[in-house]
Amino acid sequence: MVSVLTSSALFKALLFLSLCSVWLLPDLALAKHAGITRHYKFNIKMQNVTRLCQTKSIVTVNGQFPGPRIIAREGDRLLIKVVNHVQYNVTIHWHGIRQLRSGWADGPAYVTQCPIQTGQSYVYNFTITGQRGTLFWHAHISWLRATLYGPIVILPKRHASYPFPQPFKEFPIVFGEWWKADTETIINQAMATGGAPNILDAFTINGLPGPSYNCSAKVKPGKTYLLRLVNAALNDELFFRVANHTLTVVKADAVYVNPFKTDIVLITPGQTTNVLLKAKSKTPNAKFAMSARPYATGPATFDNTTTIGILEYKKSASASSSNNMNIPLLKAKLPQFNDSTYAMKFNQKIRSLATRKFPVKVPKKVDRRFFFTVGLGILPCSKNQTCQGPNNIRPAAGINNVSFVQPNTALLQAHFFNRSKGVYTTNFPTNPPFKFNYTGTPPKNIMLDSGTKLVSLNYNTSVELVMQDTSILGAESHPLHLHGFNFFVLAQGIGNFDPKRDPAKFNLVDPAERNTVGVPSGGWVAIRFLADNPGVWFMHCHLEVHTSWGLKMAWVVNDGKGPKQKLMPPPADLPKC
């Protein structure tokens, strides 16, 4: 049985960091040769798991929670066979993988594929090109990614070194969330009643929310460790800190950054961050809390507890275990839950390495400019549905006032076979349908439109996109994830974007290169990307509740003229709807 400390909210999710089961990369020898083909098999199955003194059956890969680690080298080809043994339809997304010309393997349900139905299988076939670092995989249908997730570790090519000191060891730290109730029931009930879904019961580190796991790893004095941080949580951005230690950020979303020191890391759902931790030169007489707590800016209720792992130092064999029990635990002080000033300052520190070996290829010329408002609104409930809101309305979310309607067939198939009629249109608005004070007093009419609207781009179009938060139903930070591309974060600010003054702030020298970026609460962010990957690419808020409410859209990138500028044909085992 798992015992959980309840005397303090701080220790609700206390655990010994379970590094005996966090994939310590023992099989590096298997990844020595660049360009090899790696085979994995994911059996989607139910598994009884006990957390918070309660056992429940959850959806897992191979019975593991979190799921198995994928390890590869830059240039490797991956063949991952997913077999569905559960009652739910399933897809898997390889979050952050570029999927160059292999959009059929990207994974979002009804965008690049129909889901894998019960008793069926599908082989995800893709090559890792020009990427190295930490990413992760997760389910991409409904809320199944609450338990279906795991890390992806992409090692540099053989004989290639890190542009920072070689760490002594590497530890993944995967943040997640735990519900005592079934998460599919939670979101289905919320969508049926028009209310907000119930909040989680605990945050987790590597799947563990409580302290009664007799399993922890200890660091050696003077050694440097690489922590691979992954935020796999459904709905919460997180602050992370190790008490009395300074971290050096060296990577974000599997891209090298100009290293900088920080006490606290901000990481949104969908983001990954690699940090170096230099252990103290001598064994201290203390244990150190590794703490994570939400960064929350919106009006909704949230769980403001803290999950804690323990960093311990190895001691001599003569040190007794009884003395070890009496060693004090030093806590980590974290910012206030709504400290948007710290969030802004942290994100502005992230800059690309911008060296000859790792250049910044930000588009200097812009072919098409877009301005997207991102935020909440309302929609009427269906005639046969009784909602909790007044006048039978429900909360919704959208981009440029469009709440995305999920089709009943895959967008990529409709595009590839020229069968878009009745499935989607390409008239997604370039700008908001009407202007208002986006971060001030909301307009009287906050009703959203709905539809399956996409943006069509010619191959190699350079895109500049400004995403603006709105104050409708409350300003809130939104982590936006773009499939199929990395983009460059040129600038961000508070208030309404000024198209005359703010472009002068754009960083075209060493901007951060990411796949997920937080649109600041009550503010804006400007990005650029090159549409050099043919296919249909999803873009959505990585707060799952907002995705469920419609805060999503997609880009259609048409084939180029060259043979290597065209989407590959669909595989024979592509699931059918």
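Computed over heavy atoms, backbone and side chain alike; hydrogens, waters and symmetry mates excluded. Nothing here was measured: the structure is a model prediction, and the numbers come from that model.
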**Message:** Closer than 3.5 angstrom, by distance alone: can the side chain of Ser352 be matched with the main-chain N or O of Pro511 as a donor-acceptor pair?
**Reply:** yes

**Prompt:** So, do Trp524 and Tyr438 have ring centers that fall under 6.0 Å from each other?
**Reply:** no

**Item:** Asp263 to Thr246 - nearest heavy-atom pair and separation
**Value:** OD1-OG1, 3.5 Å

**Request:** Indicate the atoms forming the closest heavy-atom contact of Ile205 with Gly309, along with that distance.
**Result:** CD1-N, 3.8 Å

**Asked** Between the side chains of Ser462 and Asp367, does any donor sit under 3.5 Å from an acceptor?
**Response** yes

**Prompt:** Are Thr547 and Glu544 linked by a side-chain donor-acceptor pair shorter than 3.5 Å?
**Reply:** no

**Prompt:** Centroid-to-centroid, Phe240 to Phe175, below 6.0 Å?
**Reply:** yes

**Message:** Please evaluate residues Met553 and Val455 with respect to the criterion side chain to side chain contact (heavy atoms under 4.5 Å, CB included), reporting the C-alpha separation (whole Å), side-chain torsions for both, the decisive distance (0.1 Å), and the verdict.
**Reply:** CA-CA 8 Å; Met553 55 83 67; Val455 172; 3.8 Å; yes

**Message:** When you compare the side chain of Leu135 with that of Asn515, does any pair of heavy atoms fall below 4.5 Å?
**Reply:** yes

**Message:** Would you compute the distance between atom NE2 of His481 and atom CG of Leu543 and round it to the nearest 0.5 angstrom?
**Reply:** 13.0 Å

**Message:** When you compare the side chain of Phe239 with that of Arg241, does any pair of heavy atoms fall below 4.5 Å?
**Reply:** no

**Prompt:** When you measure from the side chain of Asn400 to the backbone N and O of Pro429, does any donor-acceptor pair fall under 3.5 Å?
**Reply:** yes

**Complete:** Correct closest heavy-atom pair for Pro259 and Thr248 would be CB-CG2, 4.0 Å

**Prompt:** If only atom types and distance count, is the side chain of Arg528 paired as donor or acceptor with the main-chain N or O of Lys365 below 3.5 Å?
**Reply:** no

**Ala233 backbone acceptor or donor facing Asn231 side chain under 3.5 Å** = yes

**Message:** Is there a ring-ring contact (aromatic ring centres under 6.0 Å, His included) between Phe126 and Trp137? Walk through the geometry before answering.
**Reply:** CA-CA 13 Å; Phe126 57 91; Trp137 60 263; over 10 Å; no

**Asked** Judged by modelled atom types alone, do Asn274 and Thr134 share a side-chain donor-acceptor pair under 3.5 Å?
**Response** yes

**Message:** Main chain of Thr297, side chain of Asn338: is a donor-acceptor contact present, judged purely on distance under 3.5 Å?
**Reply:** no

**Message:** Using side-chain heavy atoms (C-beta onward) and a distance below 4.5 Å, is Val61 in contact with Pro68?
**Reply:** yes

**Asked** Are Tyr149 and Phe136 close enough that their ring centres sit under 6.0 Å apart?
**Response** no

**Request:** Please examine the side chains of Val230 and Ile173, heavy atoms only from C-beta on, and report whether any two atoms are closer than 4.5 Å.
**Result:** no

**Prompt:** Is any side-chain heavy atom of Trp555 closer than 4.5 Å to a side-chain heavy atom of Leu482?
**Reply:** yes

**Message:** So, applying side chain to side chain contact (heavy atoms under 4.5 Å, CB included) with Asp106, which one of His140, His93, His95 is it?
**Reply:** His93

**Item:** Sidechain-backbone polar pair: Gln468 side chain, Gly523 backbone, donor-acceptor under 3.5 Å
**Value:** yes

**Item:** Straight-line distance of Leu227 CG to His245 NE2, nearest 0.5 Å
**Value:** 10.0 Å

**Request:** Ignoring hydrogens and angles, tell me if any N or O in the side chain of Asn533 forms a donor-acceptor pair with the backbone of Arg101 under 3.5 Å.
**Result:** yes

**Message:** With a 6.0 Å cut-off on the ring centroids, do Phe428 and Phe372 count as close?
**Reply:** yes

**Asked** Rounded to the nearest 0.5 Å, how far does CZ of Phe260 lie from CZ of Phe346?
**Response** 4.5 Å

**Message:** Looking only at the side chains, is there a donor atom on one of Ser477 and Asp469 sitting less than 3.5 Å from an acceptor on the other?
**Reply:** no

**Message:** Is it the case that over 12 heavy atoms from other parts of the model lie below 6.0 angstrom from the NZ atom of Lys345?
**Reply:** no

**Contact summary for Leu530 and Pro363, nearest pair of heavy atoms** = N-CG, 4.3 Å

**Close side-chain approach of Trp549 to Ser403, heavy-atom, < 4.5 Å** = no

**Asked** What's the verdict on side chain to side chain contact (heavy atoms under 4.5 Å, CB included) for Tyr459 and Asn558, showing C-alpha distance, side-chain angles and the deciding distance?
**Response** CA-CA 5 Å; Tyr459 183 85; Asn558 297 300; 5.8 Å; no

**Message:** Just checking His540 against His546, ring centres under 6.0 Å apart?
**Reply:** no

**Asked** Okay, side chain of Thr37, backbone of Arg77: is any donor-acceptor separation there less than 3.5 Å?
**Response** no

**Request:** Taking Glu177 for its side chain and Asn235 for its backbone only, find out whether a donor-acceptor pair lies under 3.5 Å.
**Result:** yes

**Asked** Can you check whether Lys566 reaches Pro534 side chain to side chain, under 4.5 Å on heavy atoms?
**Response** no

**Message:** If I compare all heavy atoms of Val557 with all of His415, which pair ends up nearest, and what's the gap?
**Reply:** O-NE2, 4.2 Å

**Request:** Determine whether the aromatic ring centres of Phe487 and Phe485 lie less than 6.0 Å apart.
**Result:** no

**Message:** Applying side chain to side chain contact (heavy atoms under 4.5 Å, CB included) to Asp339 and Leu334, what does each step give before you reach the verdict?
**Reply:** CA-CA 10 Å; Asp339 193 341; Leu334 291 165; over 6 Å; no

**Request:** Nearest 0.5 Å please: distance from the CG atom of Leu226 over to the CZ atom of Phe164.
**Result:** 5.5 Å

**Request:** Might you work through the side chain to side chain contact (heavy atoms under 4.5 Å, CB included) test for Lys261 and Lys278, ending with a clear yes or no?
**Result:** CA-CA 11 Å; Lys261 294 184 182 298; Lys278 179 69 179 293; over 6 Å; no

**Request:** Answer with yes or no after comparing the ring centroid distance for Phe416 and Trp104 against a 6.0 Å cut-off, counting only values under it.
**Result:** yes

**Message:** To the nearest 0.5 Å, what is the distance between CZ on Phe417 and CG on Leu412?
**Reply:** 9.0 Å

**Prompt:** Which atom pair, heavy atoms only, marks the closest approach of Thr147 to Val59?
**Reply:** OG1-O, 2.7 Å

**Prompt:** Thinking salt bridges, do Asp532 and Arg98 make one under a 4.0 Å N-O criterion?
**Reply:** yes

**Message:** Taking the ring of Trp537 and the ring of Phe529, is the distance between their centroids below 6.0 Å?
**Reply:** no

**Prompt:** Could you state the interatomic distance from CG (Leu454) to OG1 (Thr425), rounded to the nearest 0.5 Å?
**Reply:** 7.5 Å

**Asked** Just wondering, more than 12 heavy atoms not from Lys349 lying within 6.0 Å of its NZ?
**Response** yes

**Request:** Indicate the ring-plane relationship of Trp94 and Tyr124, choosing parallel, tilted or perpendicular according to the 30° and 60° boundaries.
**Result:** perpendicular

**Leu465 side chain near Met539 side chain, heavy-atom distance below 4.5 Å** = yes

**Item:** Asn458 side chain to Thr461 backbone, donor-acceptor under 3.5 Å
**Value:** no

**Prompt:** Any chance CE of Met568 has more than 12 other-residue heavy atoms, nucleotides or ligands included, within less than 6.0 Å?
**Reply:** no

